[in-house]
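Heads up: the structure comes next, in structure tokens.
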Amino acid sequence: MIDQAPVLIIVIPLIFALLTPVVGLWRKSLCYFWILTALALSAAFSVTVFVKVLNTGTIHYNLGGWTPPWGIEYVIDHLNALMLVVVSAIALLTAVYSRKSIEKEFPNKKTAFYTVFLLQATGFLGIVITGDMFNLYVFLEISSLAGYALIAIGEDGALFAAFKYIIIGTIGASFYLIGVGYIYIMTGSLNMADIAALLQQVNNTSVIHIAFAFILAGLIIKMALFPMYIWMPDAYTKAPSASSALIAPLMTKISAYILVRVIFTIFKPEFITANLPVTKIMLWLGFAAIIYGAIMSIAQTDFKRMLCFIIVAEIGYIVGGIGLFNPTAIKGAILHILNDAVMTAGLFFIAGIVKYKTGFHNLTDFKDLFKKMPVTMGAFVIIALSVIGVPPTCGFFSKWYLIKGAIIGNAWPFAAALLFSSLVNVVLFFRIFEIGYGFDHGHDSGGHEELGSGSLISEAPATMLLPSMLVSLIIIFTGIYNQTIITNIIEHVTPNL
Amino acid sequence: MKFKILSLFFIVITGIILIYGVAGMPDLADPDSPASRHVSPEYIQNTYKDAHTPNMVTTILADYRGYDTLGETTVIFTAGIACILLLKNLKGRKSHD
Amino acid sequence: MQTIESIIPFVAVLIAMAGPILIILFKRWPNIRELMTFMVASVTFGLVVSMAPSVYNGTEITYNLIDILPEVGISFKVDSFGILFALVSSSLWIVTTVYSIGYMRALKEHSQTRFFSFFAVAISSALGVAFSANLLTLYMFYEILSLSTFSLVTHHQDKEAHFGGRKYLTFLMGSSIAFFLPAVILTYYYTGTLDFNRFGILTHSIPDYMLVVMFALFLAGIGKAAIMPMHSWLPSAMVAPTPVSSLLHAVAVVKVGVFSLLRVLLYIFGTDLLEFMRFDGFLVYFVSITIIAGSLFALKQDNLKARLAYSTVAQLSYIVLAGGLLSVSGITGGIVHIAMHAFGKITLFFCAGAILVNTGFKNISQLKGIGKKMPVTMIAFFFGSLSIIGVPPLGGFWSKWNLAMGTIEYSEIPILVVLLTSSLLNAAYFMPIVYNAFFAKDESIVYTEVKEAPLLTIIPPVFTALVSIALFFYPDIFLNLARSAARSVLGV
Amino acid sequence: MIDFIVTKYNYLFYIVLFLIGFYAIIVKKNLVKKVIGMNIMQTSIILFYVSIGCKKDGTLPILLDSDLHSHAIDAGKYLNPLPHVLMLTAIVVMVATLGVALAVLILMYKQYGTLEEDELLKRIK
């Protein structure tokens with residue numbers, strides 16, 4: 001059983017997804033528990049694999065027993081073992097979280113929604129686990145297709161947003177496919193490790209340069225890096241709460257993970273630095289993304305839209321960090337992929353709760369929420385502090401490594417941009433805290449001592465509250481134990497430059 | 001109009017990049033290209049030995065890379081369910097015209 | 001120097017940090033809730049006191065909780081400098097708790113549970129700063145302090161509190177993220193460590209321009225020290241309830257600022273480097289501006305709390321002088337001023353709060369003749385102001401005396417002139433209040449029905465005033481702690 | 001130059017087709033045309049892949065009877081089968097994407113009564 005764990009991570013949710021419609025035909029309300037079971041099993045196997053990787057090193061799993069490069073292979077090293085845990089955990093939390101919001105938003109589409117939801121999670125996990133470039137494309141498309149549908153069922157305007165996403169997302173995927181084709185024509189292989197070995201001989205051809213450029217372009221589109229972010233704010237803003245809580249944190253981060261994979265596993269760092277000004281371009285794109293994301297997020301009045309522009313900036317952190325191309329910055333970037341997935345998930349959980357409670361997700365809808373939902377807002381404060389980068393939350397440490405990396409690389413503008421973004425986040429979140437705190441501008445409100453403060457409280461439902469609280473705990477714990485994560489996991493995958 | 005010229009310009013640039021890329025590729029139908037020499041010969045030579053099927057495409061599709069095909073069917077399944085999710089209760093939606 | 005490992009400093013911080021749990025648990029029963037605050041404060045103080053004797057005898061207590069960066073952890077170290085600050089803030093927390101119970105109840109303030117909870121968090125992070133063994137731990141508690149006091153500053157939740165809170169946050173969070181954090185990272189980048197070392201960790205091998213940049217970043221980044229031009233948040237923060245102003249904005253928050261700044265100057269830069277780079281000379285003249293200008297601003301204020309706030313701005317820079325007057329007396333004087341000023345200034349704030357509770361008056365011009373109605377309060381006020389001015393027989397004398405000696409030892413005679421001028425200005429803005437309270441008469445203001453303030457708001461200022469007097473006669477605890485800190489950083 | 005065209009014309013065809021599709025996606029205002037453009041683009045990639053598999057003098061990738069039991073099959077005799085397999089998957093992906101896109105278009109038409117981009121943007125508040 002343990003030996004088969006890698007494939008079970010994917011196959012279990014896949015089979016459960018196939019059977020979800022059947023379960024739905026029998027009892028609609030069971031679908032929720034059905035996919036919870038699937039994701040819980042998947043998460044359990046992810047943890048098993050993770051522990052095994054920590055103990056014994058990289059796992060190679062040959063699907064169908066065919067040796068690579070003829071068959072498809074799963075390769076789980078420290079990086080994607082950790083990614084698997086993060087992705088499956090967030091998917092599980094989001095599934096738990098989705099219950100009430102789905103009941104409220106589309107009570108009669110539960111079966112289909114949960115099926116697509118599970119397929120989406122399967123796609124994400126498949127992307128992370130695979131060691132084959134074409135297999136990655138297939139899973140990328142599964143997750144994209146599921147994502148298009150999950151977004152399209154949102155509020156007014158979601159359809160057009162989803163359509164834009166379909167078109168742009170397909171362009172991104174096509175670019176990736178072209179890149180894979182160019183690599184295939186020069187090496188004859190699709191297996192990542194095999195390609196990495198074969199590329200050494202053909203590194204300096206124009207074909208490989210263009211292949212890299214197209215894969216990079218495709219990923220930039222998928223991860224919504226400035227200036228290719230245009231599909232993202234609309235899509236994630238209009239999507240239903242449960243969908244955006246699953247897709248927004250994971251889609252962009254997983255694309256960033258693929259980028260790390262492509263740069264450090266398939267193309268070797270020597271290729272990247274020797275042939276193309278890629279690192280410089282990535283650094284400056286990251287810089288532009290941070291500045292642009294920060295400025296645009298101030299201009300928003302819609303909470304979810306604001307979060308989208310925060311994501312634009314955070315993607316800038318990651319790409320810029322990789323672009324700095326020194327071990328410290330890369331450590332920071334990889335740590336930030338993980339941290340940001342958790343933080344963004346938390347923020348979208350909060351957005352969903354606000355929407356559930358008030359029906360909208362504008363900044364002004366936070367009014368008096370500190371009084372009404374103290375626990376939710378407590379979790380929100382912790383998540384927000386992590387986005388701002390206050391120790392000991394995890395957001396501080398990735399930022400620390402990134403800034404230190406920028407100093408090592410003499411990239412002062414990038415360091416300044418990171419600090420600027422932190423300052424902007426202070427403004428963004430404290431603006432919301434002020435609204436939530438409920439300042440009374442009319443008259444002096446002092447004087448009434450805790451009048452019926454008990455009756456005012458109307459907390460979010462437990463299925464929504466618990467995931468949010470868990471996220472805030474995870475944020476603090478990963479912050480405190482970040483050194484453990486870095487030395488035991490991330491340092492194994494940071495290249496020696 | 002301006003937009004059209006701009007996008008034409010952009011497309012021409014893309015085209016030039018693509019042509020620059022293919023310039024270094026092996027010729028069409030070159031039997032010595034890497035794609036023909038690595039990996040694929042083994043498929044051709046072992047297909048009957050491994051799967052007792054003379055059709056190599058079938059062998060690869062259903063056996064060597066059968067997992068891709070599982071993904072492929074999942075893609076179709078996803079699309080189907082996605083359409084159901086989207087189009088269910090279609091009549092219930094109000095139209096603007 | 002002897003070092004022992006002990007979990008006590010961490011426990012002290014943790015207990016104070018966990019205080020809110022107890023407070024929230026008992027929120028429905030105000031009496032038990034306040035008892036809990038009191039108990040948490042007492043236990044914390046007890047823990048701090050329990051460490052004092054061994055530290056006094058030259059032992060350092062260290063505790064490493066967990067490594068969070070290579071070579072850097074959340075770790076605690078109690079040395080004589082830290083214990084001095086911790087003793088002051090934890091002892092005054094108990095006094096302030098008593099006072100706030102009286103004050104908050106008399107004014108029937110809302111959200112008292114929130115108030116006491118954040119109060120505990122704020123003090124806990126002040127202790128954390130005092131016990132930090134490295135710059136990162138210090139930075140962490142520094143930020144938690146900014147955040148937890150935000151809610152206290154904006155307690156009234158009205159328009160004024162809104163803008164005061166916004167200004168407070170802009171200055172403190174803004175400066176710490178934009179300047180303090182990069183300075184910390186630069187330090188880490190150049191030295192690979194962040195641990196406080198009594199000879200400093202920065203060395204000559206770092207380019208000079210970088211040292212200058214880092215010095216400037218630290219100076220601008222530690223906004224809580226309220227050195228001009230980063231001072232204007234402090235008067236704005238006076239919109240907070242008086243217990244907050246008294247403990248946090250006379251003791252905890254601002255002292256955390258100067259404490260952090262001195263930690264950075266003496267234990268990161270080190271006295272040798274400060275002297276070598278001539279930062280010392282720049283620093284003393286730079287803060288002299290604040291000393292004089294703060295006092296002048298204070299003269300203009302009619303609002304009593306605002307006047308006290310500007311006075312605090314000026315007095316804080318006395319403490320910073322320790323980083324520039326690198327002689328035993330100079331550093332001793334600066335450090336011991338943390339304690340002396342705390343006891344003096346908190347008395348003044350307590351009195352201001354008592355007057356507010358009793359009469360509702362906030363302005364100095366309204367206080368003519370009030371001494372006859374509230375004699376105890378105003379006498380306490382009188383002693384508090386004497387301590388700030390620095391005349392015997394009050395504790396404030398010792399810090400000014402040592403600073404004055406320091407200027408002579410370190411041959412910065414112009415600063416002696418600044419100190420004397422400032423003392424005169426202090427007298428000029430405090431004495432009229434006391435004089436008017438007792439001897440002036442204003443027919444337009446009639447104090448009918450004004451009696452002495454509630455007992456719980458009277459005892460604390462009287463107590464702290466007495467402590468101020470006692471500190472003149474028995475200053476040895478604080479003086480010796482400060483002196484041993486001074487000796488260790490100077491290596492004599 | 002001539003040499004390039006003669007020996008690599010397959011790539012040129014694919015590029016031209018790709019650019020046509022790309023142009024339609026960017027420039028056309030009608031959403032259905034955009035979808036068609038998307039399809040042309042994907043088709044071009046499929047053609048590109050299939051052309052990789054081509055081999056001079058090669059036959060279909062189905063073993064001849066004579067080779068069934070031989071131990072040393074000459075790989076040069078057969079076309080490269082792998083690209084064909086990959087493209088079977090890609091075609092399915094293409095169709096699936098098309099399906100979802102059309103479903104979204106149907107809904108959009110029901111809701112807004114138009115599929116012209118400019119009009120549509122006006123009707124979405």
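Values below: all heavy atoms of this structure, side chains included; hydrogens, waters and symmetry mates excluded. In what follows, every chain begins at residue 1, and chains take the letters A, B, ... in the order their sequences are listed.
Here the closest non-hydrogen pair linking D:P81 and B:Y43 is CG-CB, 4.4 Å. When all heavy atoms of B:L86 and D:A103 are compared, the closest pair comes out as CD1-CB, 4.0 Å. Residue B:P31 comes nearest to D:K55 through the heavy atom pair CA-CG, 3.8 Å, listed as atom of the first residue, atom of the second, then distance. Taking every heavy atom of both residues into account, B:L28 and D:S51 meet most closely at CD1-O, 3.8 Å. Closest approach of D:P61 and B:V57 over heavy atoms only: CG-CG2, 3.7 Å.
Of the inter-residue distances, the one linking D:H84 atom NE2 with B:T58 atom OG1 reads 12.0 Å to the nearest 0.5 angstrom. For the atom pair D:N10 CG and B:M25 CE, the distance stands at 9.0 Å (nearest 0.5 Å). The structure places CD1 of D:I52 at 11.5 Å from OG of B:S40, a figure rounded to the nearest 0.5 Å. Here the NZ-CD1 distance, from B:K49 to D:I73, works out to 8.5 Å after rounding to the nearest 0.5 Å. Between the OG atom in B:S7 and the CD1 atom in D:I26 there is a gap of 6.0 Å [rounded to 0.5 Å]. Here the CD-CG distance, from B:E72 to D:L86, works out to 10.5 Å after rounding to the nearest 0.5 Å.
Of the listed residues (B:L8, B:T78, B:L61), the one with the most heavy-atom contacts under 4.5 Å to chain D is B:L61. Between chain D and the residues B:A82, B:S36, B:P41, the most heavy-atom pairs under 4.5 angstrom are made by B:S36. Residue with the most contacts toward chain D among B:N46, B:N55, B:V75: B:N55 (heavy-atom pairs, distance under 4.5 Å). Interface check for chain D: of the options B:L6, B:I19, B:D30, the most heavy-atom pairs under 4.5 Å are formed by B:I19. With chain B as the partner, the residue from D:V6, D:L64, D:V100 showing the most heavy-atom pairs under 4.5 Å is D:V100. Most heavy-atom pairs under 4.5 Å with chain D: of the set B:G71, B:S33, B:G80, B:P26, this distinction falls to B:P26.
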For side chain to side chain contact (heavy atoms under 4.5 Å, CB included), just list the numbers for B:M56 and D:L82, CA-CA rounded to whole Å, side-chain angles, deciding distance to a tenth of an Å, and then say yes or no.
CA-CA 9 Å; B:M56 300 155 209; D:L82 188 56; over 6 Å; no
Carefully, step by step, assess B:K4 and D:Y23 under the rule side chain to side chain contact (heavy atoms under 4.5 Å, CB included).
CA-CA 9 Å; B:K4 249 185 189 170; D:Y23 176 84; 3.9 Å; yes
Tell me, with the steps shown, if B:L18 and D:Y11 meet side chain to side chain contact (heavy atoms under 4.5 Å, CB included).
CA-CA 9 Å; B:L18 281 169; D:Y11 304 126; over 6 Å; no
Check the pair D:K77, B:I44 against side chain to side chain contact (heavy atoms under 4.5 Å, CB included), reporting the backbone distance first and the verdict last.
CA-CA 9 Å; D:K77 271 206 300 202; B:I44 297 170; over 6 Å; no
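Looking at D:I91, neither its backbone nor its side chain comes within 4.5 Å of chain B, counting heavy atoms on both sides. B:F10 touches chain D through its side chain: at least one heavy atom from C-beta onward sits under 4.5 Å away, while N, CA, C and O do not. The contact between B:Y48 and chain D is made by backbone and side chain atoms together, counting heavy-atom distances below 4.5 Å. Residue D:F22 touches chain B through both its backbone and its side chain, counting heavy-atom pairs closer than 4.5 Å. For B:T47, the part sitting under 4.5 Å from any heavy atom of chain D is the side chain, from C-beta outward, and nothing else. Looking at B:A35, the atoms closer than 4.5 Å to chain D (heavy atoms on both sides) sit in the backbone and in the side chain alike. At a 4.5 Å heavy-atom cutoff, the contact between D:L12 and chain B is made by side-chain atoms alone.
Counting heavy-atom neighbours within 6.0 Å of D:F4 CZ, excluding the residue itself, gives a total above 12. Summarising the local packing, CG of D:D65 is surrounded by 12 or fewer heavy atoms from other residues, nucleotides or ligands at distances under 6.0 Å.
Annotation: cation-pi pair D:K29/B:F3 present, NZ/CZ under 6.0 Å from the ring centroid and within 45° of its normal.
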